[in-house]
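The residues of the chain are indexed from 1 along the displayed sequence. What you see below is based on every heavy atom in this structure, not just the backbone, and it leaves out hydrogens, waters and symmetry mates.
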Amino acid sequence: MFFKKYGDIVVGVFFMAVSTVLMIMALMLPKSKVMEIGPDFMPMCIGSVTFVLSLVLIILSIKNFKMHAAGLNPDSIPDCDYKRVLSSIILVLIYVFAIKLIGFILSTLVFLFFQMLVLAPDEQRNKKEAVRLIVVDVIFTLVVFFLFRYGFKIVLPAGIFTITL
């Protein structure tokens with residue numbers, strides 16, 4: 001009952017705390033002596049974006065809650081889809097272990113496709129949407145790969161395939 005009403009606020013506060021810890025720990029990383037962007041850059045970016053998005057989630061949830069406080073019926077709030085949550089957790093765990101073994105590109109292509117498929121609404125799980133997901137998956141993976149490889153000069157795990165792009 002409590003989580004149905006205040007779930008977004010609880011999740012927002014949780015991720016604000018996680019992002020704060022991430023940013024504090026990123027500040028503890030040693031500074032790079034080779035280039036301006038050090039090992040703290042990406043954790044600080046991720047922590048900052050997560051913090052801002054969590055704050056927006058909390059503000060919108062409070063605003064929405066106040067607007068609908070009078071007519072809020074807890075039975076009208078859908079239950080959590082535990083099957084999708086569990087599937088996402090399993091996919092992330094497989095991805096974490098597979099990225100070193102088979103490399104960033106292949107493991108990210110497979111992970112993102114299945115993750116987007118798990119999170120897609122039931123009515124959007126057809127061949128046309130699957131093709132769209134594959135296109136988005138390939139473009140996103142390659143953009144991230146080239147951004148890290150040539151923009152940040154960070155080599156991502158190659159795994160069993162050696163890629164010299």
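If you take CZ on Phe111 and OG on Ser88, they are separated by 7.5 Å, rounding to the nearest 0.5 Å. Note that CZ of Arg84 and CG of Leu91 are 12.5 Å apart. Values are rounded to the nearest 0.5 Å. Between the CZ atom of Phe140 and the CG atom of Leu147 there is a distance of 9.5 Å, given to the nearest 0.5 Å. Rounding to the nearest 0.5 Å places CG of Leu142 at 6.0 Å from CD1 of Ile105. With rounding to the nearest 0.5 Å, the separation of CG in Asp137 from CG in Leu112 is 5.0 Å. With values rounded to the nearest 0.5 angstrom, Phe97 atom CZ is found 13.0 Å from Ser107 atom OG.
The environment of CZ in Phe113 is crowded: more than 12 heavy-atom neighbours from other residues, nucleotides or ligands sit within 6.0 Å. Other residues, nucleotides and ligands place more than 12 heavy atoms under 6.0 Å from the OH atom of Tyr95.
Annotation for Val21: hydrophobic cluster partners, listed by chain and number, are Met25 (ILVMFWY side-chain heavy atoms under 4.5 Å, direct or chained).
With sequence neighbours left out, the salt bridge (Lys or Arg N to Asp or Glu O under 4.0 Å) criterion links Arg132 to Glu129.
Residues Val135 and Val143 are members of one and the same hydrophobic cluster, defined by side-chain heavy-atom contacts under 4.5 angstrom among Ile, Leu, Val, Met, Phe, Trp and Tyr. Under the 4.5 Å side-chain heavy-atom criterion for grouping Ile, Leu, Val, Met, Phe, Trp and Tyr, Val13 is not connected to Val56 through any hydrophobic cluster. By the rule that hydrophobic residues join a cluster once side-chain heavy atoms approach within less than 4.5 Å of another member, Val118 and Ile90 end up as members of separate clusters. Both Phe145 and Ile134 are assigned to one and the same hydrophobic cluster, defined by single-linkage of ILVMFWY side chains at heavy-atom distances under 4.5 Å.
The side-chain contact (heavy atoms from CB on, under 4.5 Å) with Met16 is formed by just one residue from the set Thr50, Leu55, Val52; it is Leu55.
Using a 4.5 Å cut-off on side-chain heavy atoms (C-beta onward), Ser48 and Met23 make contact. For the pair Leu57/Leu53, no side-chain contact is recorded, criterion being any heavy-atom separation below 4.5 Å from C-beta on. Side chains of Phe51 and Leu22 form no contact here, defined as non-hydrogen atoms less than 4.5 Å apart. Within the 4.5 Å cutoff, the side chain of Phe15 has heavy atoms near those of the Val11 side chain. Taking 4.5 Å as the limit, every side-chain heavy atom of Phe148 sits out of range of all side-chain heavy atoms of Lys153.
Of the possible polar contacts, none joining the Arg149 side chain to the Val144 backbone as a donor-acceptor pair under 3.5 Å is found.
Between Ile58 and Ile9, the shortest heavy-atom distance links the atoms CG1-O, 4.1 Å. Scanning both residues, Pro43 and Ala26, for their nearest heavy atoms gives CB-CB, 3.6 Å.
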